[in-house]
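Down below is the structure, laid out as structure tokens.
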Protein chains: 2
Amino acid sequence: MPITHLPLNALRAFEAAARLGSMNAAATELGVTHGAVSRHVKALEERFGLPLFERHPRAIVPTREGAQLASELAEAFDRMQIAVSRVQPGPLTLSCSSTVMMRWLIPRLEKFKRANQTIELRLNVNYDNVDFIREEISLAIRTSIYRAPAGAVAETLIHEEIGPVCHPDYADRLGLSKPEDLLRARILGSATRPQAWTDWAAALGRPELQMTPNEVYAHFYLVIQAAACGLGLALAPRLLVDDEIRSGHLVAPLGFVAGPYELQLWIADHLRGRVDVRTTANWIRAEMRAM
Amino acid sequence: MPITHLPLNALRAFEAAARLGSMNAAATELGVTHGAVSRHVKALEERFGLPLFERHPRAIVPTREGAQLASELAEAFDRMQIAVSRVQPGPLTLSCSSTVMMRWLIPRLEKFKRANQTIELRLNVNYDNVDFIREEISLAIRTSIYRAPAGAVAETLIHEEIGPVCHPDYADRLGLSKPEDLLRARILGSATRPQAWTDWAAALGRPELQMTPNEVYAHFYLVIQAAACGLGLALAPRLLVDDEIRSGHLVAPLGFVAGPYELQLWIADHLRGRVDVRTTANWIRAEMRAM
DNA sequence: CTCTGATGTGATAAAAACTCACACGAATGT
DNA sequence: ACATTCGTGTGAGTTTTTATCACATCAGAG
């Protein structure tokens, strides 16, 4: 089949269906109905004379050839997206977790905007992996729990220091001064980082301490909020509670210790040359260093 | 612009127009009228809000952005073509010059087909560069005058030996026994390799010999044919006249000397794993070694 | 100074893509 | 156990896109 007659739209529909494992999802991504995707895939299969998916009642599974084709097509479409984005540069998009956004970025955003009035900043909330090309992400702040995906380069921002924090009165009332004291306290956990307390015990050199949360919040910033309201103890990276400690809303009765993770900056490989990306990356590095 | 709404067909039309430097040529390649291409390009320019071509009365010249976009798109489309060709492997396509085909390949083709009955062989005539991906070439036989393009790997088949050849009677009549004798003879040249006689003189260590052809043929195989008919002297690689010499139709009164070029086999990078490609490459290597 | 060869464009035809509505079949939930 | 839900396939009809045709335009070639 000559390159001049490749059924491009069908290939795109197929690639989306294979990547998402669902015609329906692909249809949503492409902004059409599932029928349209189904027809595209069928047309491709007829053209190639081989099945690209195994059809199961509620799911489709790519065949070997289908999976192979889809992954190579994905690369090709990525390149195309990059090519177009170079002549049509979108806004600079920074991705970080809701917690980093609440407790670190938003408090500094006015300052950033004042210093960089020409940079149009778009924010994206996401705490784990993200497709830099498909979602047009320029920069991401992430913990090293996750690995930077292909197409992005990672660099260390800071090594996380972690420690239990709570309302000052709460610490006084319970008399918290050594790790064992926490066993009497109300432990607050986060669904997004369930192993946080265990990590801390390990970092302390006290892995035997069983710190199972009494209460689990969906987002980490809620845990901090709950701690600040006197509901118990949160285990927080210093970075995210420093302001509250300075203002006296929180205390860290046992201080902080070096945690197992670092905070990283991920930069979209194909955007490393863009001025606004470099500027913003530098700003993030400087702000982190100033902590 | 999100990847899900890239105007793929317009991008392909634009890429072709940019590559070929002409809307008309792109239209021919795509099998549509020039108007269709023109509209696609215009739609893209409106979408991007910037011109992709400078319009001149009888020509279009890509703008800086246009050229950049086109070259990156070309890569993306190449990948797509490769991806599809992996699930839809076409026939094995061997490209060589008309002369190599006439004088080397065709005489051996029966033998090849007998030994490899399952391989569907398609032949392509071309003596210089060729786009392995776009034209779906698997293998090419070329002299090292040309460099293998990106997407192909080159390997040496043989080092060319070159020498003047003519009809036996012609050599006798003129008494050809040393290089100077040729100044009395009728020199036949080829348009595709105008420097051949000069190369030979240099290879002999006699660069002062002015061997300007008295007659120039469009194809090299015509030169050999003319020499075999007693019209004069052709300068030929031994490879291409060995059969004629063996059968007595041609003689090489001054023998052969190592020429400046080698004969190479170019293999499409993305097809190196294909069995039929490996088999055919091995056959070519073996036949060359047997010369 | 006309001819030629390339591109641009309005009107219209053709083709492609999409939607709608319904069918189907098995996992899910009560 | 059985109705429900969820995801996919498809016939018929509609909308949207793409292409064609025919003509306009322009400047350099002959």
Margin query: If you assign each of B/Thr33 and A/Gly35 to its closest nucleotide in DNA chain D, which residue comes earlier from the 5' end?
Written below: A/Gly35
Under 4.0 Å between a side-chain N/O of [X] and OP1 or OP2 of [N], yes or no?
X       : N      : answer
B/Asn24 : C/dG5  : no
A/Lys42 : D/dG9  : no
A/Asn9  : C/dA16 : no
A/His40 : C/dC18 : yes
B/Ser38 : C/dG8  : yes

Taking [X] for the side chain and [Y] for the main chain, is one N or O donor matched with an acceptor at less than 3.5 Å?
X        : Y        : answer
B/Arg142 : B/Asn126 : yes
A/Ser138 : A/Val277 : no
B/Glu65  : A/Val87  : no
A/Thr280 : A/Asp276 : yes

Check: Taking the six-membered ring for Trp, are B/His219 and B/Tyr221 parallel (under 30°), tilted (30 to 60°) or perpendicular (over 60°)?
Finding: parallel
Check: Under 3.5 Å, is there a donor-acceptor pair linking the side chains of A/Thr192 and A/Ser190?
Finding: yes
Rounded to the nearest angstrom, tell me the gap between atom [atom1] in [X] and atom [atom2] in [N].
X       : N      : atom1 : atom2 : answer
B/Leu20 : C/dT7  : CG    : C1'   : 15 Å
A/Phe14 : C/dA17 : CZ    : P     : 17 Å
B/His5  : C/dA17 : NE2   : C1'   : 13 Å
A/Glu45 : D/dT10 : CD    : P     : 10 Å
A/Leu11 : C/dA17 : CG    : P     : 11 Å
B/Leu8  : C/dA16 : CG    : P     : 16 Å
A/His34 : C/dC20 : NE2   : P     : 11 Å
A/Glu54 : D/dT8  : CD    : C1'   : 15 Å

Margin query: Salt bridge check, A/Arg122 against A/Glu135: does any charged N sit closer than 4.0 Å to a carboxylate O?
Written below: no
Check: Picking from D/dA19, D/dT8, C/dT7, which would you name as closest to the side chain of B/Arg55?
Finding: C/dT7
Margin query: Are there over 12 heavy-atom neighbours, none belonging to A/Glu54, within less than 6.0 Å of that residue's CD?
Written below: yes
Checklist line | is_close_aromatic(B/Phe14, B/Phe53), centroid dist under 6.0 Å | finding: yes
Next item on the list: Kindly indicate whether the side chain of A/His56 and the base of D/dG7 share any N or O donor-acceptor pair separated by less than 3.5 Å?
Entry: no
Using a cut-off of under 3.5 Å, enumerate the N/O to N/O pairs linking the protein to nucleotides 27-30 of chain C.
unit_1 : atom_1 : unit_2  : atom_2 : d
C/dA27 : N3     : A/Arg58 : NH1    : 3.3

Notebook entry, point to check: Is the shortest heavy-atom distance from the side chain of A/Glu29 to the side chain of A/Arg19 under 4.5 Å?
Noted result: yes
Show the distances under 3.5 angstrom between N or O atoms of the protein and N or O atoms of nucleotides 12-16 of chain D.
unit_1 : atom_1 : unit_2  : atom_2 : d
D/dA12 : N6     : A/Arg39 : NH2    : 3.0

